[in-house]
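Just so you know, these numbers come straight off a predicted model, no measurement behind them. Throughout, protein chains are lettered first and strands after them, A, B, ... in sequence-line order, and every chain is numbered starting at 1.
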Amino acid sequence: MRVKKHPILEEDTRVPDAIIIVDGKEIPAKEGEPIAAALLAAGIRKFRYTAKEGKPRGIFCGIGRCTDCTMTVDGQPNVRTCVTPVRNGMIVETQKGLGRWSDEQ
Amino acid sequence: MKKTQTAIIGAGPAGLAAAIEVAKAGGKVTLIDENGRPGGQLFKQIHKFFGSREHRAGTRGFNIGQQLLKETEDLGVEVLLDSPVYGLFPDNIISYLHQGKEQGLQAEKIIIATGATENPLAFPGITLPGVMGAGAAQTMINVNRVLPGKKILMIGSGNVGLIVSYQLMQAGAEVVALIEGAPQIGGYGVHAAKIRRAGVPIYVSHTVKKVIGSNEVEGAEIVALDNKWQMIPGTEQVLDVDTVCIAVGLTPLTELAWMMGCEFTFVPTLGGHVPKHNRDMQTTLSDVYIAGDISGVEEASTAMEEGRLAGIACSESLGLYSPEKAAELKRDVWNRMDTLRTGSFGEKRRDAKESLIKQSIGGLA
């Protein structure tokens with residue numbers, strides 16, 4: 001959910017100006033915002049599943065330290081979505097385990 | 001290899017303040033940060049700061065950030081963004097990544113101002129999506145303008161827990177409860193009073209027994225603690241929450257100082273292992289200074305003062321200030337810092353800092 005009106009901060013008038021494709025589905029996003037923010041705004045909280053036990057993970061530290069929020073972005077696995085900015089047309093995939101490179105056999 | 005006079009790692013409040021001081025003294029500064037924009041965590045601080053007028057008390061954090069950015073721009077500080085520093089090597093060589101490429105930078109002096117990271121807390125369910133650092137939630141609501149959840153349990157009643165609870169409410173979330181393991185609230189009374197007035201129950205001597213949910217947070221079970229911090233059976237209650245925020249302190253981000261070979265000491269009051277440093281913020285390596293949370297977790301206002309101190313001392317060692325002029329400038333900063341480190345919380349930090357500085361002097365050249 002996006003926070004438009006706020007008692008301290010100015011009203012956020014910026015509308016989504018980009019589309020990212022998350023597991024094949026188009027999600028509205030704002031160019032330059034962290035991928036994780038666009039996902040939370042769309043109500044998506046599960047970003048990856050762990051290698052050993054297949055347990056879900058989402059955003060945890062939000063500053064690029066913990067690597068819990070990593071996903072496969074444009075074919076590259078282990079991208080920290082909390083510090084990686086959105087670009088229009090990005091392909092974002094829920095990562096399973098350590099992920100696979102798009103050109104991997 | 002690219003060369004500079006003073007390299008500052010981290011463009012948060014401490015790094016920006018240090019950069020301003022060195023540039024004001026006439027030095028050439030390169031400020032490096034891994035993020036896409038400078039300011040560190042200042043831009044998510046939408047509350048008014050405490051302190052006196054010279055600490056810009058009453059000014060909101062993000063406005064202070066904007067002022068610092070303007071000053072660094074006016075002074076012509078070189079800022080390298082999107083540039084995570086991954087290593088410090090002998091001869092003051094800084095290795096960093098930029099646009100996927102490895103880059104090198106050699107500096108006469110280095111100021112490390114890397115800040116701190118939030119502590120986790122071990123409980124069943126901590127890894128479920130929906131459990132996050134309070135700072136992460138604060139970034140989402142105040143910088144990215146996105147709510148991470150609607151019904152929040154906040155763990156920890158220090159200033160971060162209290163302030164972020166209030167800001168989550170300002171962003172439209174409901175804070176279902178705030179719990180604190182200790183028998184009393186950790187942060188300032190004014191912050192606690194604000195969220196109490198808003199109707200948020202604060203449970204002291206309580207902890208989280210587990211977070212419930214198969215794939216994401218669906219609830220949380222809290223439990224009362226006795227005076228030996230043991231869970232009291234039968235006092236469990238289940239809260240209807242979809243998000244759990246953890247605000248149980250921070251740990252200095254010290255990797256680069258370890259790598260460089262700075263000597264360390266362990267000070268629990270300041271967040272754990274911190275590089276030894278003297279009153280000039282100089283480490284056991286004479287060319288390496290530190291400032292802000294890496295030298296002990298405090299607040300943004302003290303981080304800025306420490307940044308100024310490191311900047312002035314660094315300028316002095318470069319010959320940009322006479323010892324007399326530097327002594328005068330440093331005295332002013334110390335006076336301001338002493339007034340910041342007052343009150344029951346501030347005094348504890350001041351005592352910890354003083355004893356750290358004392359034990360460090362022996363090891364310093």
Side-chain angles (χ1 to χ4, degrees), chain A residues 1-16 27-50 52-69 71 76 79-87 94, chain B residues 34-37 40-41 43-44 46-48 60-62 82 84 100 114-120 125-150 166-173 213-217 242-243 245-246 251 253 255:
Chain A
M1 201 172 75
R2 298 212 180 255
V3 183
K4 290 205 175 86
K5 286 201 192 308
H6 194 283
I8 307 294
L9 299 167
E10 281 171 30
E11 187 173 340
D12 189 6
T13 51
R14 209 183 143 196
V15 290
I27 301 286
K30 296 179 185 179
E31 186 95 24
E33 73 179 341
I35 297 168
L39 296 173
L40 288 179
I44 298 167
R45 301 216 288 182
K46 290 173 287 239
F47 292 5
R48 70 178 179 102
Y49 291 89
T50 57
K52 277 188 192 164
E53 297 187 29
K55 295 277 175 65
R57 292 285 190 273
I59 186 169
F60 184 76
C61 82
I63 55 167
R65 289 275 86 75
C66 76
T67 67
D68 244 13
C69 68
M71 298 177 84
Q76 183 184 336
V79 172
R80 299 170 300 167
T81 57
C82 72
V83 291
T84 304
V86 160
R87 275 182 299 97
T94 301
Chain B
E34 65 178 329
N35 296 293
R37 71 175 197 168
Q41 308 308 314
F43 285 98
K44 68 188 191 191
I46 65 169
H47 55 280
K48 292 176 179 172
R60 297 184 194 278
F62 60 92
D82 291 312
T114 40
T117 189
E118 292 186 286
N119 295 334
I126 188 193
T127 58
L128 283 172
V131 179
M132 66 192 73
Q138 193 185 27
T139 304
M140 283 300 147
I141 51 175
N142 294 344
V143 179
N144 300 317
R145 305 291 291 266
V146 171
L147 264 179
K150 293 192 180 103
Y166 194 70
Q167 292 177 357
L168 280 160
M169 287 187 276
Q170 287 179 319
S214 49
N215 274 310
E216 58 184 303
V217 177
D242 59 26
T243 301
C245 292
I246 305 173
T251 299
L253 282 169
E255 296 91 335

Given that the side chain runs from C-beta out, which part of [X] has a heavy atom under 4.5 Å from chain A: side chain, backbone, both or neither?
X: B:V217; result: both
X: B:N119; result: neither
X: B:Q138; result: neither

Within the 4.5 Å heavy-atom criterion, are A:Q76 and A:T84 side-chain neighbours or not?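 Sidechains of A:T84 and A:Q76: no contact.
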Side chain / backbone / both / neither for A:I8 at chain B, heavy atoms under 4.5 Å: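 Just the side chain, heavy atoms under 4.5 Å.
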Heavy-atom distance under 4.5 Å to chain B: side chain of A:K4, backbone, both or neither?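 The backbone, not the side chain.
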For a quick check under 3.5 Å, do B:K44 and B:T139 share a side-chain donor-acceptor pair by atom type?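 The criterion, which ignores hydrogens and geometry beyond distance, is satisfied for B:T139 and B:K44.
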When only pairs under 4.5 Å are counted, which of [options] shares the most heavy-atom pairs with chain A?
options: B:D82, B:I141, B:I46; answer: B:I46
options: B:G130, B:G172, B:G36, B:G135; answer: B:G130
options: B:I246, B:L253, B:N144; answer: B:N144
options: B:Q167, B:M140, B:E118; answer: B:M140

What residues form a side-chain contact (heavy atoms from CB on, under 4.5 Å) with B:P129, not counting sequence neighbours?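 Testing B:P129 for side-chain contact (heavy atoms from CB on, under 4.5 Å), a comparison that skips the adjacent residues, returns A:R45, A:K46, A:P56, B:E216.
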Under-4.0 Å salt bridge between A:R65 and B:E34: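 The answer is yes: the pair qualifies as a salt bridge.
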Between [options], which shows the greatest number of heavy-atom pairs under 4.5 Å with chain B?
options: A:I63, A:D12, A:V83, A:D68; value: A:D12
options: A:G43, A:A37, A:C69, A:G58; value: A:A37
options: A:A36, A:C61, A:G62; value: A:C61

A:R14, CZ: over 12 other non-hydrogen atoms inside 6.0 angstrom: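 More than 12 heavy atoms, drawn from other residues, nucleotides or ligands, come within 6.0 Å of this atom.
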Kindly give the heavy-atom pair with the smallest separation between A:V86 and A:A29, and that separation in Å.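 Looking at all heavy atoms of both residues, the closest pair is CG1-CB, 3.9 Å.
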What are the two closest non-hydrogen atoms of B:F43 and B:F62, and how far apart are they?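 Heavy-atom minimum between the residues: CE2-O, 3.6 Å.
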Selection residues 33-44 of chain A - residue pairs positive for salt bridge (charged side-chain N to carboxylate O under 4.0 Å, His left out), sequence neighbours left out: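 Qualifying pairs: A:R2-A:E33.
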